[in-house]
Amino acid sequence: MFLSQLNPEQRENAIACLGNENFDVLVIGGGVNGVGAALDAASRGLKVALIESQDIAAGTSSRSSKLIHGGLRYLEQYDFKLVREALHERELLVSTLCPHLVKPVGFLFPLTEKFRERTYVGAGLALYDALRGFQRALPWHKHLSQKQINEIAPSLRPDIILGAIKYFDAQVDDARHTLSVARTAARHGAIIATRVSAESLIRKGKSVVGVNAKDLVSGKTIAINATVTVMCAGIWSDELHEKFDLKPGYTVTMSKGVHIVLPGSAIKSEAGIILKTPVSVLFIIPWGDKWIVGTTDTPYIGDRAKPLAEHSDVQYILDQANRVLSPELKIADIIGVYAGLRPLVANKKNSATTKLSREHTVDRPAPGFVSVAGGKYTTYRIMSKDVIDLAVNELRKLTSESVTEKLPLVGADGYFALMQQVEQIAEESGLEPDTVTHLLNRYGSMINEIFILIKENATLAKKLSPDLPYIRAEILYSVSHEGAQSVSDVISRRTRISFEAKGHGADLAESVAEIISPVLNWSNKDRKESIAEYKSIVEQELIALGEIKIACEKINS
Ligand SMILES: Cc1cc2nc3c(=O)[nH]c(=O)nc-3n(C[C@H](O)[C@H](O)[C@H](O)COP(=O)(O)OP(=O)(O)OC[C@H]3O[C@@H](n4cnc5c(N)ncnc54)[C@H](O)[C@@H]3O)c2cc1C
């Protein structure tokens, strides 16, 4: 059987494999769509490899609003098919595919008017609930009076909010989920290598028969042979099409979305809040003991790998939230800010190669090469299935249908039972029940692998920092099982310390490096370099945040 572990030894074997084997499918890109495509293809019995130039989920897939939702705003556009499809995915994720990672979350839709708005929004939410069909993992929506609102969400201004409707969607740690899909693909035989970049295509006549890639650690070039190459490069799609000299049927533009992170004390509410804004919606989302508030939607043309928030983004978020909140959110409250780039797909006129669904496109610009782009996180499984359905035509052999609808991710099995056994597990492991719950919600049934590490070294049961929920074993596990290769991978994506801790967790970089060094076989120099790399990312972000704070304070004074 194949293993799901991603670590230095596995990477070394993967690199060797990439140059020696003939793959059915080679996936470019380790965002949610790329790992989803790798899982879809591997679980059909195909021989699959995936290369990612940075870290798993280092692109858009770690920078979203982290909602698994049907998209309420599509109802206003009468796009019921799209909403139904996304709601179906939401139910699958919450109940079967990864209940340890995707959790229901309640939202208040505040009403500023007593009758007409309640009827309109109420009808919309009834339709939203009805469109999910007979699967009912999440509660039905509920009308709330002003008195109930005052109890549930004292931070909503009673002078303008006259009632609300509470409805449910779901939320996920996007980077962790993407990683879990990658590990599930590995468990089904996919060869996965990060820090390997696709540089050019290998062609035989008109057909693409593989990719020349660069191992960014050793600097070596690897010729990877594959019958079909599947590109899932998100916002990098245009750049790669040009590099590969392909004429695709679509283009991808970028739209920046910014979120701010605030301490729990900044907003008093037992549920999330959704607000209609002049251009879209603003979400106030509970995130552990913090709040994530966003997002914006502005055109972007800068560095794809390092989108940074500007003061106008943050000011917009504060202004919109402060329309309904009392006390108002203050710039000084902000703990962290992150920006992400949406891949917006536009089909070229009269394109013969593309198939556009409402939000995503699959394309075949050359024999042996297909791609997918656009869509949203929630529907990654459908996008992955669509692109592999197109890819298998190139294989010229009978291939099974996608089975991912029935394929729980690693850690999902037994999760609901384990959650009922928290007390026993806590007693047996010597950990606090809260820590056991935290671990189950990140690793599900793979919690055993964490316990094995603690058994070997009891100090790993200690917390990394008293203010954060992570224990030291999780940091070690990031490199021994989850493919992290740097301090930044651990702080930014295996954990979310980068936006959960004050100062982006820069003061924890040394402790993290100390824990992960032995597994990564680091010299003193390697360790210092990785710490310095993370600190320099933080420095840039703190400078940007400092400038934002000064600019916003000026505007507000
Ligand atoms: C602000 C914001 C909020 C959002 N909120 C939500 C939400 O709440 N719910 C929802 O459903 N959706 C949401 N989305 C959308 C969702 O996040 C994206 O649709 C999804 O993450 C895109 O995934 P992807 O795999 O296509 O792209 P990415 O995650 O960007 O993956 C592409 C990968 O390709 C790699 N790559 C690039 N070039 C190469 C190369 N040469 N070789 C190898 N690899 C390469 C990159 O490093 C990258 O990791 C949001 C998006 C944004 C920006």
Side-chain angles (χ1 to χ4, degrees), residues 6-8 11 54-59 62-63 173-176 179 194-195 216-217 259-261 263 287-290 303 305-309 334-340 435 438 442 450 453-454 457 459-549:
L6 305 177
N7 56 34
R11 184 178 184 277
Q54 308 178 71
D55 179 28
I56 296 291
S62 56
R63 299 157 185 268
D173 176 344
D174 45 7
R176 171 144 298 277
L179 175 79
T194 56
R195 291 179 168 79
L216 299 176
V217 177
H259 292 86
I260 59 173
V261 183
W287 181 262
D289 61 354
K290 306 199 169 50
D303 183 352
K306 291 187 192 123
L308 284 179
I334 298 175
I335 301 172
V337 176
Y338 66 87
T435 302
H438 158 84
R442 285 168 53 78
I450 299 275
L453 297 181
I454 296 175
N457 177 357
T459 64
L460 293 173
K462 286 191 188 149
K463 281 197 169 176
L464 180 69
S465 153
D467 307 331
L468 294 165
Y470 307 103
I471 59 170
R472 295 165 66 88
E474 294 177 80
I475 307 302
L476 185 64
Y477 188 77
S478 306
V479 287
S480 64
H481 290 70
E482 299 184 334
Q485 287 170 59
S486 71
V487 168
S488 172
D489 294 353
V490 176
I491 299 191
S492 304
R493 287 171 293 276
R494 299 311 178 278
T495 66
R496 308 317 297 269
I497 294 170
S498 59
F499 66 80
E500 291 172 342
K502 275 217 162 108
H504 299 250
D507 57 337
L508 296 171
E510 266 92 3
S511 314
V512 167
E514 192 190 309
I515 299 171
I516 65 179
S517 274
V519 179
L520 296 176
N521 234 334
W522 274 351
S523 64
N524 234 348
K525 182 169 162 268
D526 297 331
R527 190 162 79 179
K528 279 187 185 152
E529 275 173 10
S530 196
I531 294 170
E533 183 212 23
Y534 184 65
K535 286 194 169 171
S536 117
I537 299 173
V538 172
E539 202 179 344
Q540 285 170 34
E541 288 181 354
L542 288 180
I543 290 172
L545 183 58
E547 284 168 2
I548 288 170
K549 288 190 172 182

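What you see is a predicted model, and the numbers here were worked out from it, not measured in a lab. Atoms considered below: every heavy atom in the structure, side chains included; atoms not considered: hydrogens, waters and symmetry mates.
By the salt bridge (charged side-chain N to carboxylate O under 4.0 Å, His left out) test, Arg527 is found to be paired with no residue, residues two or more places apart in sequence or in another chain being considered. Applying the side chain to side chain contact (heavy atoms under 4.5 Å, CB included) test to Pro8 and every residue at least two apart in sequence or in another chain returns Val519, Leu520. Legend: residues meeting side-chain hydrogen bond (donor to acceptor under 3.5 Å, both in side chains) with Asp173, ordered by chain and number and at least two apart, are Arg496. Residues satisfying the side chain to side chain contact (heavy atoms under 4.5 Å, CB included) criterion with Asp467, sequence neighbours excluded, are Ser465. Remark: Thr495 engages no residue in a side-chain hydrogen bond (donor to acceptor under 3.5 Å, both in side chains) (not counting sequence neighbours). Applying the side chain to side chain contact (heavy atoms under 4.5 Å, CB included) criterion to Ser523, with sequence neighbours excluded, gives Lys525, Asp526. Glu510 pairs by the side chain to side chain contact (heavy atoms under 4.5 Å, CB included) definition with Ile531, Lys535, not counting sequence neighbours. Not counting sequence neighbours, the partners of Arg493 by the salt bridge (charged side-chain N to carboxylate O under 4.0 Å, His left out) test are Asp55, Asp489. Scanning for side-chain hydrogen bond (donor to acceptor under 3.5 Å, both in side chains) contacts around Asp289 gives an empty result, with sequence neighbours left out.
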Inset, instruction - Could you walk me through whether Arg195 and Arg11 pass the side-chain contact (heavy atoms from CB on, under 4.5 Å) test, one step at a time? - result: CA-CA 10 Å; Arg195 291 179 168 79; Arg11 184 178 184 277; 3.9 Å; yes
Side chains of residues 497-505: which donor-acceptor partners sit under 3.5 Å, not counting sequence neighbours?
| from | atom 1 | to | atom 2 | distance (Å) |
| --- | --- | --- | --- | --- |
| Glu500 | OE1 | Tyr470 | OH | 2.7 |
| Glu500 | OE2 | Trp287 | NE1 | 2.8 |
| Glu500 | OE2 | Tyr470 | OH | 3.4 |
| His504 | ND1 | Ser498 | O | 3.0 |
| His504 | ND1 | Glu541 | OE1 | 3.3 |

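Judged as a salt bridge (charged side-chain N to carboxylate O under 4.0 Å, His left out), the pairs with a partner in residues 470-488 (not counting sequence neighbours) are, in order, Arg176-Glu482, Arg442-Glu474. Listed by first and then second residue, the ring-ring contact (aromatic ring centres under 6.0 Å, His included) pairs involving residues 506-536 amount to none (not counting sequence neighbours).
The number of heavy atoms from other shown groups lying within 6.0 Å of NZ (Lys463) is above 12.
Considering Leu464, Leu460, Leu453, Thr435 in turn, Thr435 is the only one that fulfils the side chain to side chain contact (heavy atoms under 4.5 Å, CB included) rule with Ile471.
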